[in-house]
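Note: hydrogens, waters and symmetry copies are ignored here, and every other heavy atom, side chains too, is used. Each chain gets a letter, A, B and so on, in the order its sequence line appears, and its residues count up from 1.
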Number of protein chains: 2
Amino acid sequence: MIDQRALPGRLRFITCATVDDVCDAINTLAVRGAPALGATGAYGVALAARTLGNARSVRAAAKRIVATRPTAVNLAWGVGRAMHAFEHAGATGALAEAETIADEDVARNRALGAHGAELLGVGGTVLTHCNAGALACVGYGTALGVIRAAAERGKRPRVWVDETRPVLQGARLTAWELDRLGIDATLVADVAAASLMAAGEVDCVVVGADRIAANGDVANKVGTYGLAVLAHHHHVPFYVAAPTSTIDVRTPDGAAITVEERDPAEVTTFAGTRIAPLGMAVANPAFDVTPARLVAAIVTEAGIARRPYRRSLASHIRLAAAHSF
Amino acid sequence: MIDQRALPGRLRFITCATVDDVCDAINTLAVRGAPALGATGAYGVALAARTLGNARSVRAAAKRIVATRPTAVNLAWGVGRAMHAFEHAGATGALAEAETIADEDVARNRALGAHGAELLGVGGTVLTHCNAGALACVGYGTALGVIRAAAERGKRPRVWVDETRPVLQGARLTAWELDRLGIDATLVADVAAASLMAAGEVDCVVVGADRIAANGDVANKVGTYGLAVLAHHHHVPFYVAAPTSTIDVRTPDGAAITVEERDPAEVTTFAGTRIAPLGMAVANPAFDVTPARLVAAIVTEAGIARRPYRRSLASHIRLAAAHSF
């Protein structure tokens, strides 16, 4: 897989030969992005099934992989699908299921992008946060999938790229993807979003998601909730783009979502340089939760879901399951 | 003066021997913070008066100093006061005026802090953005002056420190100051402020200002406006702390304030490491404007100003001028 830590400086690939390698790659953000974590989790199970001696070890490995990151539900979903296949058809079944997930990911994202492109006007400006592009998936992207589908349809979107502190997925990954796609993009510090909206420079916000609760509350990269409040204040529509695998019907609402607290060093150091006094106390939540009432629409591979989300999201899950990708 | 670029790693001092040195120190943010720029501008004029041959050269130097940074009005104010003294009493007059400004700064900030401390509850949490501490002034601080005055009065404030991208004045300077003062402080990425407010973890926001228009609109470090909108949404009071020298009665409202656009490299590189693709387009406004209706109070050395600000700010200016500091 691409080592996302090395971008944008280097396009470097890494190979995971063991379950430890997989857990390390997830923990250190070599691979990140909810749909990419789904596929990685499934391949991790396939790897465990091939390299470990017995079913009990494979089940233990699956638990370890799921535990690496608690917020993105796709990881548990991918591991769960591959484990189901493993229990029924062994290592071969687990690998086949991982490959199905990977193949479907691109097809689902293309469908999602086609639906979402309808929401963007010609020559409109879109603000996005973090990276929900091809890098965050197996390919094509979710929020960036919407933007590139709009570009493919001649809509010439112009994108504001939030740098996305503390790990800078916007500056490092989204900027790199949009540059390669030839889509008009301008990088800004996260704090500039509010005045851009006040100046009428943002026609809509499109972000990905790490977990969508049954009621439509959305967990995504920290900063997303603030953008949703700002968008609401400025009457700018706020859209979420995610495959139905990100919808967790067993999570009733946002209050039930665990938000991962990450290493303070992500905040106190920058590109290897310490930027805060030694021993400084730090809070570093990796995600936040946006209440459904601030979300104008949730775009999935099944279409555009609107409020009330409990009903529309359940319908999207049924539609997506019935459709072959 | 302290070289603020070297903090928090090193406490280094620099000496300005020429007007060029002064302009460089301002341009490169070796000295920043509206009240500090006021004193620096006045000392810059005193230096010009002492080192340059004639009044015309001094006037040209004063113009060059004012032009270094367009948003903070204190710079023009400090230069203006020193030039007025120079025109009446020559180089000696200019230096005396600069020293008066420097001496008064600390006294005014202490008075401001005492007024502002009334707004903070015992054991309350305060979120601040950028650095409006002693470093941003000649001493004591404005927004941090309010916080330290509350601490001196036994109120045990707990402070959330926004790191303040792109130049990280919060992480580098405010965290350093609060650490030295022994005040409870926790550093967060700017994007974490919204979820902290949603969780009820922020009792008020206190920030400084670079220019306050006659109607109470406030120009301050980019990200301030977003915080004001978030505070409004979460019913958290949003306070501005600044000396009356920051109020510019000749600027009718925020629309008339020039917002400085700074070097894209502040966003695309950090400590010499590139964090965005080469050639990436960047928008890097250094400030934003918060409309008066989102500001719960403006604290000056004359007291606590409330809406309507046109009247209360004019009264503060009269009171401050009549009072000897």
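Only the side chain of Leu168(A) comes within less than 4.5 Å of a heavy atom of chain B; its backbone N, CA, C and O stay farther away. The part of Asp179(B) that comes within reach of chain A is its side chain, from C-beta onward, which places non-hydrogen atoms under 4.5 angstrom from that chain. Of the atoms belonging to Pro277(A), heavy atoms from both backbone and side chain fall under 4.5 Å from chain B.
In terms of heavy-atom proximity, Met280(B) sits nearest to Ala175(A) at SD-CB, 3.5 Å. For the pair Ala276(B) and Leu187(A), the tightest heavy-atom approach, listed with the atom from each and the gap, is CB-CD2, 3.6 Å. Residues Trp160(A) and Ala283(B) come closest through the heavy atom pair CZ3-CB, 4.0 Å. In this structure, Gly226(B) and Ala194(A) approach most closely via the heavy-atom pair CA-CB, 3.4 Å. When all heavy atoms of Ala198(B) and Tyr225(A) are compared, the closest pair comes out as CB-CE2, 3.7 Å.
Interatomic distance, Leu230(B) CG to Leu227(A) CG, rounded to the nearest 0.5 Å: 9.0 Å.
Between Phe270(B) and Phe270(A), the two ring planes are tilted [angle within 30° to 60°].
Counting heavy-atom pairs closer than 4.5 Å to chain B, the top residue among Arg165(A), Met197(A), Arg274(A), Lys221(A) is Arg165(A). Counting heavy-atom pairs closer than 4.5 Å to chain B, the top residue among Pro285(A), Pro291(A), Gly223(A), Pro264(A) is Gly223(A). Put simply, of Ile275(B), Asp288(B), Val188(B), the one with the most heavy-atom pairs under 4.5 Å next to chain A is Ile275(B). The candidate with the highest count of non-hydrogen atom pairs below 4.5 Å against chain A, out of Ala228(B), Ala185(B), Gly272(B), is Ala185(B). Between chain B and the residues Thr273(A), Val229(A), Leu278(A), the most heavy-atom pairs under 4.5 angstrom are made by Val229(A).
Considering only heavy atoms from C-beta on, Val191(B) comes within 4.5 Å of His129(A) through its side chain. Residues Val267(B) and Glu163(A) have side chains in contact (heavy-atom distance under 4.5 Å, counting atoms from C-beta outward).
No more than 12 heavy-atom neighbours from other residues, nucleotides or ligands sit within 6.0 angstrom of NE2 on His232(A).
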